[in-house]
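Heads up, the thing below is written out as structure tokens.
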Amino acid sequence: MKKIQMVDLKGQYEHIKDTVNTSILNVLDTTAFVNGPEVHSFQKELEDYLGVKHVIPCANGTDALQIAMMGLGLEQGDEVITADFTFAATVEVIALLKLTPVLVDVNPSDFNIDINAIKKAITPKTKAIVPVHLFGRCANMDEIMALAKEHNLYVIEDNAQAIGANYTHKDGTKTKAGAIGHVASTSFFPSKNLGCYGDGGAIFTNNDDLAHTIRGIVNHGMYERYHHDVVGVNSRLDSIQAAVLRAKLPHLDTYNAKRQDAARQYTAALKDHKYIDVPKGKCNGVDTICDTCDCHVFHQYTIKITNGRRDELVKHLNEQGIPCGVYYPIPLHKQKAYQDDRYNEADFPVTNQLIQEVMSLPMHTELENDQIEFITTTIKEFLND
Ligand SMILES: *Cc1c(COP(=O)(O)O)cnc(C)c1O
């Protein structure tokens, strides 16, 4: 059996080495390092793939979120609702822009923002909702968009973990994650489902005016050379990263299918264990185990250990040469930087429990059957002790 890794970027690179190397060398030959033709071509190819009108590349996923919020013209004191159970980047940019983050609880099954918690948190100052498609599975976008419409709010999808996922609407039609809200952000950090070999990110929108505004913001607020109409930032995807992404984009569906295959094998082995909850979610309104549909692209394969032995299990797996992670160990509302008197522990029962129960197993495009077999057997043997 090959050594088990949490993410295997080297193994993936080996399969596409020739294409990637040629693409990178081509950029070196043209010396168009910034805003070169590779960036433009990648932008067009990603627009086609996602079925979204505008992709605006930028430097990373955190910038993408910040720029999306700047583009919407949100102002100091505006309240932005997001999930308590996510990576800190989401709340960080809200705070940086002097907007007011309002953290709310998530669902126990799919770990995504809870629609009822959003409803409770809406005030006259609320301007936007940021659903995070956590671990690769879309939040409940039909209900979120309907609620946003009712209260005249913007929806910014944080799609850093779910690129390529298909969201199935109530009527059965499908839309790619990131093409549903008013604007969306993604990250091309190497370990993400579509990762480059450095930092990268992008903003998506179907709104022509917003796309125009954002194209200026990423470029120092310039709409005409040396005319700075708004306060902007400098956030660019470099051409070498775009070349890598162009080489990888045609493989994204296959990569996600490989993650789904691995997830299916994990789920088959673990779903009947009394102390393990496997990934679940609502599909067309019905609670389903995520092993048959394409709405989950498994950025992480995250299970819950319900007998209180999660930490012991993590330690045991590490000792057996099985890397695994706890995403995320601390709720955002308890982080020093984001504590606020407005929060009441009673409003976060799910997040407070998830942080004690969740663990993410190795997940990448190169996992092999015998590795998954070893991982699941080791987990079950430990829990049965
Ligand atoms: C990775 C990630 C980000 C940030 O992306 P970077 O490219 O690392 O800045 C934002 N939100 C979520 C949910 C992420 O997983």
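Computed from a predicted model, the values in this text were never measured in an experiment. Quick note: numbers below take in every heavy atom, side chains included, and nothing from hydrogens, waters or symmetry partners. We count ligands from 1, going down the list as the structure has it; atoms in each ligand are counted the same way.
- The distance between the ring centers of Phe135 and Phe111 falls below 6.0 angstrom.
- The six-membered or imidazole ring of Phe188 lies near that of Phe42, with a centre-to-centre distance under 6.0 Å.
- For atom 4 (C) of ligand 1, the closest non-hydrogen atom on the protein side is Thr62 OG1, 3.5 Å.
- In this structure, Phe204 has its ring center at least 6.0 angstrom away from the ring center of His54.
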>> For a side-chain contact (heavy atoms from CB on, under 4.5 Å) check, start with the C-alpha distance between Ile122 and Ile81, then their side-chain angles and the critical distance, and finish with the verdict.
In response: CA-CA 8 Å; Ile122 291 175; Ile81 298 174; 3.9 Å; yes

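- Among all non-hydrogen protein atoms, the one lying nearest atom 15 (O) of ligand 1 is Gln161 NE2, 2.8 Å.
- Between Thr86 and ligand 1, a contact under 3.5 Å exists for no N or O pair.
- Taking distance alone, with nitrogen or oxygen atoms compared against 3.5 Å, Lys192 approaches ligand 1 more closely than that limit.
- Polar contact with ligand 1: present for Asp158 (N/O pair, distance under 3.5 Å).
- Summary of contacts: the protein heavy atom closest to atom 8 (O) of ligand 1 is Ser187 OG, 4.1 Å.
- Residue contact check: Val132 has heavy atoms under 4.0 Å from atoms 13 (C) of ligand 1.
- The distance from ligand 1 to the heavy atoms of Asn60 drops below 4.0 Å at these ligand atoms: 7 (O), 9 (O).
- Checked by distance only, ligand 1 and Gly61 come closer than 3.5 Å through their nitrogen or oxygen atoms.
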>> Applying ring-ring contact (aromatic ring centres under 6.0 Å, His included) to Tyr13 and His15, what does each step give before you reach the verdict?
In response: CA-CA 5 Å; Tyr13 170 61; His15 296 297; over 10 Å; no

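- A cation-pi arrangement is present between Arg309 and Phe382 under the rule of less than 6.0 angstrom and at most 45 degrees off the ring axis.
- Checked against the 6.0 Å centroid threshold, Tyr223 and His212 count as a close aromatic pair.
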